[in-house]
Asker: 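Handing you a structure now.
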Amino acid sequence: MVNERVAPVVRPGDTRGNPLGNPLGRFNKRPEKLKNARGTILRLLAYLGGKKKIIILTFLLCFLTTIISIIGTRLNGYAVDHFIEKGDMPGLLKICIILAAIYCVSVVSTYLQNRFMVDIAQQTAAKIRRDLYRTIQMLPLPYFDTHSSGDLMSRLTNDVDNINMTLSQSITQLFSGAVNIVGMLAAMLLLSPLLTLVGLTTVPLTFLLTKLIINKTQPFFIKQQQELGNLNGYIEEGISGQKLIILCGREEQAKAEFAKINKRLTKSAIFAQAFSGIMGPVNNAVNNLTYFIITVSGAYLMFSGSNITVGVIFTFILYMRNFTRPLNETLNIFNTIQSALAGAERVFEVMDQPKENDAEQAKEVSRLHGEIMLQQVNFSYTKEKRILKNVSLKARKGQTIAIVGPTGSGKTTLIHLLTRFYDIDSGEILIDGENIDNMKRSSLRRSIAMVLQDTYLFSESVRENIRYGRLTATDAEVEQAARIACAHRFIKQLPEGYDTVLADNGGNLSQGQRQLLALARAVLAQASILILDEATSSVDTRTEAAIQKAMLNLMQGKTAFVIAHRLSTIRNADEILAVKDGQIIERGTHQELMAQGNFYAGLYNSQFRGADMDVFRSSTC
Ligand SMILES: Nc1ncnc2c1ncn2[C@@H]1O[C@H](COP(=O)(O)OP(=O)(O)OP(=O)(O)O)[C@@H](O)[C@H]1O
Ligand SMILES: [Mg+2]
């Protein structure tokens, strides 16, 4: 039997599954500003909505810690003036005990704040992750044609983690920062309004410098997240296409390309971190300047006869420290928040993609009869190129329609339209007389069993992989389906039989075995419409022939579309459609088309002649 397969078509501009290309053209943007910081913050806050009580409790604990800090600081100054200067040891001891007690309360309160915030952050991240994952599941197929799965994964992991870290660490800091700033300011004003005014003279400087640094770093944080997505995209493609890379001897190019992206990521990360790292030393310098100004002005006031004492200056400097530290931290947090917002924007960008929605009047369909009609269907993936042109066909219930044609002629595209993976440009697709646009996609898809050209298996047991065909199927039904698909024998020989857990995409199975499992899945689905896209292309001729027999049984009473490169399928079909350049150019039975002696006959003569039909006749499972 002739078994000629032509290399898969690489679509123009499609670099998925092509690890040698540069998949980054579409992501390689210049650093950007946040598009809608306010909107993104509001959306993040909405995620915190259900946690009001615990947030209020955390806030109260922050408040308690701040009050303790203010009282503790004041007690320190009091001790200087009343006990240390006067050498009153018992008094000093008493105040030390009080301080130890209130600081213990402060430790517990701080621990609880952190504990609550970790809970809030983790749960929020989990919710965002869940929503993003759900969105990804609902995105229409065309979205994945233009977006790298590695970049999507990066958004699901890195960007969400970034939000998580920021929430768990920065929100309490922001809380306690705000409370501390207000509390310390009040305490300072009570102690000495004049010194407070003097101390605040440097605050505008702090604001100015922080703003300057943040403006510089923000684009680099955004760039860093983008580059991380790019890198993940490249890694994902590199691992999936590893064999091809080795086979084509492109390891060096792949390494060089990886190094290039890695370098870009490192560069943007260094810029982002280095610029934000300037913040600490700059703040320290400004703070020291503030303490110096307070000490000098405090000493001047003390010597010029005001009621300011050494203890007051000491307390004041401690207050000032407790004021500037949260002020710096709060301003610094904006850096972290920038980075989280950049991540959040990337997450929300995916969430905002139009979902695969059904029309409002769409109906739930169950157990379709299987009468299929295409009328003047036109379809294109991209505006530039029309793939299917004026395709009309009719399949009556129980018929088997074989689709043949050269590679890239539009066979897979045609059957993808039946399940509404893609929507048509014009024309109509009717099943049982009803336009499929008026059917709920999920119910339509449940009515169609499909074995795709590129079978996918999950890293689960063989049994669960088959059960994907019908989730409610019993173990016995799974085994029965495997028998029909001739998969039972090889499954039994696996180390754990039906419980053998498959490697990623069935990596520990042969290509043919993978196809048998995919067939078993389709058998299990018990759908009235069956679509097989070269489902038997990778099994040996004996197995294939055995499957053909099983398939004939399976197809009984069902409408089947079989994209066939093999004679046995074609010969048994009720009608053969010969597709060329997206058009059905011939249709009829094998005999009719051979008699015409045109395109199909040519195809047959070049591909199928000499195929050994005896294998088919004599085979058993
Ligand atoms: N997702 C896509 N985005 C853009 N163009 C696509 C996409 N999928 C397929 N095409 C293009 O549509 C045309 C038809 O592809 P299709 O997969 O239907 O061919 P086919 O007849 O199934 O070929 P084969 O026998 O190799 O499986 C090809 O020119 C291909 O480049
Ligand atoms: Mg195809």
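Just follow the structure's listing: the first ligand is 1, and inside any ligand the first atom is 1. Numbering of residues begins at 1 and proceeds along the displayed sequence.
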Asker: What atoms of ligand 1 come within less than 4.0 Å of a heavy atom belonging to Ile387?
Answerer: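 Listed by number with element: 11 (C), 12 (O), 13 (C), 14 (C).
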
Asker: Are Asp574 and Arg396 within salt-bridge range, i.e. N to O under 4.0 Å?
Answerer: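 Here Asp574 does not pair with Arg396 in a salt bridge, since their nearest N and O are not under 4.0 Å apart.
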
Asker: From the options Val579, Asp145, Leu141, Thr407, select the one whose nearest heavy atom is closest to atom 1 (N) of ligand 1.
Answerer: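 Nearest option to atom 1 (N) of ligand 1, by heavy atoms: Asp145.
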
Asker: Count up the protein N, O or S atoms sitting under 2.8 Å from the Mg ion (ligand 2), would you?
Answerer: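 Considering protein N, O and S only, the Mg ion (ligand 2) has 2 within range.
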
Asker: Using 30° and 60° as the class limits, which term best fits the ring planes of Phe458 and Tyr456: parallel, tilted or perpendicular?
Answerer: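 Correct class here is perpendicular.
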
Asker: Just by distance, do the side chain of Glu428 and the backbone of Asn435 share a donor-acceptor pair under 3.5 Å?
Answerer: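 Looks like no, no N/O pair under 3.5 Å.
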
Asker: Determine whether Asn230 and Glu227 satisfy the following criterion, side-chain contact (heavy atoms from CB on, under 4.5 Å), listing intermediate values before the conclusion.
Answerer: CA-CA 5 Å; Asn230 292 342; Glu227 292 296 0; 3.1 Å; yes

Asker: If the plane angle is over 60° it's perpendicular, under 30° parallel, otherwise tilted; pick one for His488 and Tyr498.
Answerer: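 If you compare the ring of His488 with that of Tyr498, the planes turn out tilted.
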
Asker: Of all the atoms in ligand 1, which lie at a distance below 4.0 Å from a heavy atom belonging to Ser409?
Answerer: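 Atoms satisfying the 4.0 Å criterion: 19 (O), 21 (O).
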
Asker: Taking 4.0 angstrom as the limit, do Glu251 and Lys255 come out as a salt bridge?
Answerer: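 Salt bridge flag = no for Lys255 with Glu251.
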
Asker: Quick check on Gly405 - does any of its heavy atoms sit under 4.0 Å from an atom of ligand 1?
Answerer: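 Judged by the 4.0 Å heavy-atom criterion, Gly405 does not count as contacting ligand 1.
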
Asker: Regarding ligand 1, does Lys411 bring an N or O atom to under 3.5 Å of one of the ligand's N or O atoms?
Answerer: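 So ligand 1 has an N or O lying under 3.5 Å from an N or O of Lys411.
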
Asker: Heavy-atom distance to atom 5 (N) of ligand 1: which of Tyr422, Phe421, Tyr381 wins?
Answerer: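 Minimum heavy-atom distance to atom 5 (N) of ligand 1 goes to Tyr381.
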
Asker: Hey, does Leu388 have a side-chain heavy atom less than 4.5 Å from the side chain of Leu417?
Answerer: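 Side-chain contact under 4.5 Å: yes.
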
Asker: Salt bridge or not for Glu349 and Arg346, using N-O below 4.0 Å?
Answerer: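 No, this pair does not count.
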
Asker: Heavy-atom contacts with Lys385 under 4.0 Å: which atoms of ligand 1 show up? List them by number with element.
Answerer: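 Answer, ordered by atom number: 29 (O).
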
Asker: Could you tell me, atom by atom, which parts of ligand 1 come under 4.0 Å of a heavy atom of Thr413?
Answerer: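 Within the 4.0 Å cut-off of Thr413, ligand 1 contributes 14 (C), 15 (O), 16 (P), 18 (O).
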
Asker: Side chain, backbone, both or neither: which part of His416 comes within less than 4.0 Å of ligand 1 when only heavy atoms are counted?
Answerer: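 Contact part for His416 vs ligand 1: neither.
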
Asker: With no hydrogens and no angle check, is any side-chain donor or acceptor of Arg420 less than 3.5 Å from a backbone partner on Ile436?
Answerer: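 Yes, Arg420 side chain to Ile436 backbone: donor-acceptor pair under 3.5 Å.
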
Asker: Hey, does the side chain of Gln376 reach the backbone of Ser426 with a donor-acceptor pair shorter than 3.5 angstrom?
Answerer: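 No, the answer is negative, given that no donor and acceptor are paired below the 3.5 Å cut-off.
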
